[in-house]
Amino acid sequence: MSQAWWPWVASRDSLTTRLTRAGAPRRFRVRLLDQRLGRPRRDEALALGLPPTRRAWLREVALCLDDRPWVVARSVAPLHGLRGQRLERLGERSLGSWLFRQPDLERGPIEVSAEPAPFHALPGPWGRRSVLRHGRFAVLVQEFFLDAMADDLALPSR
Ligand SMILES: C=C(O[C@@H]1C=C(C(=O)O)C=C[C@H]1O)C(=O)O
């Protein structure tokens, strides 16, 4: 991985905040692609320690700067930790802007992938995922950086 990509892939703070800063004066926006209860993929269930038949809260978004998707993300949260969190009301507000306000937030190890997003067709150099926990609430956040972001920020292709 080139040095320029390392902070994007390895940083443990909010990607929403980093994108908003790096993208300025472009406007940051979350575009909601899908949000529903459904079965996680097998690898997602494994990453969460969840039986694969168990339903979960699934959310797919594009993180856009001036309406250009820079990152596509898919988040998976087991239902038993969801009660009282009102996540269905997030809409096009960033999950990260809520998560990173939680004082007891813990982030697990970040796994990196050079494969494109399995849930989206847009090409990109790197993907990453990690589990974030706050009390009983857990969510697997999977983020895939796209070629459009590399082009707009003049980042190397990998
Ligand atoms: C987890 C974060 O939130 C971002 C917002 C998301 C959403 O709104 O669904 C999904 C993944 C993110 O990259 C973050 O800012 O780090």
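Each ligand, and each atom within it, is numbered from 1 in the order the structure gives.
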Side-chain donor/acceptor pairs under 3.5 Å, residues 54-62, sequence neighbours excluded:
{"residue": "R59", "atom": "NH1", "partner": "Q35", "partner atom": "OE1", "Å": "2.9"}
{"residue": "R59", "atom": "NH1", "partner": "G91", "partner atom": "O", "Å": "2.9"}
{"residue": "R59", "atom": "NH2", "partner": "G91", "partner atom": "O", "Å": "3.3"}
{"residue": "R59", "atom": "NH2", "partner": "R93", "partner atom": "O", "Å": "2.9"}
{"residue": "E60", "atom": "OE2", "partner": "R74", "partner atom": "NH1", "Å": "2.7"}

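Between R26 and D67 there is no salt bridge, since no side-chain N of the basic residue sits under 4.0 Å from a carboxylate O of the acidic one.
Defined by atom type and a distance below 3.5 Å, a donor-acceptor pair is present between the side-chain atoms of S11 and R18.
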May I have a table of the N/O to N/O pairs between ligand 1 and the protein that fall below 3.5 Å, each row giving the two atom names and the distance to 0.1 Å?
{"residue": "ligand 1", "atom": "3 (O)", "partner": "G96", "partner atom": "N", "Å": "2.9"}
{"residue": "ligand 1", "atom": "8 (O)", "partner": "R59", "partner atom": "NH2", "Å": "2.7"}
{"residue": "ligand 1", "atom": "8 (O)", "partner": "L95", "partner atom": "N", "Å": "2.8"}
{"residue": "ligand 1", "atom": "9 (O)", "partner": "R59", "partner atom": "NE", "Å": "2.7"}
{"residue": "ligand 1", "atom": "9 (O)", "partner": "R59", "partner atom": "NH2", "Å": "3.4"}
{"residue": "ligand 1", "atom": "13 (O)", "partner": "E143", "partner atom": "OE2", "Å": "2.4"}
{"residue": "ligand 1", "atom": "15 (O)", "partner": "S14", "partner atom": "OG", "Å": "2.9"}
{"residue": "ligand 1", "atom": "15 (O)", "partner": "L15", "partner atom": "N", "Å": "3.3"}
{"residue": "ligand 1", "atom": "15 (O)", "partner": "T16", "partner atom": "N", "Å": "2.9"}
{"residue": "ligand 1", "atom": "15 (O)", "partner": "T16", "partner atom": "OG1", "Å": "2.6"}
{"residue": "ligand 1", "atom": "16 (O)", "partner": "L15", "partner atom": "N", "Å": "2.8"}

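Listed by first then second residue, pairs satisfying ring-ring contact (aromatic ring centres under 6.0 Å, His included) with a partner in residues 74-98 read W98-H134, W98-F137, not counting sequence neighbours. Legend: ring-ring contact (aromatic ring centres under 6.0 Å, His included) pairs involving residues 12-45, not counting sequence neighbours: none detected.
With W5 as the aromatic partner, R158 does not meet the cation-pi criteria of under 6.0 angstrom to the ring centre and within 45 degrees of the ring axis.
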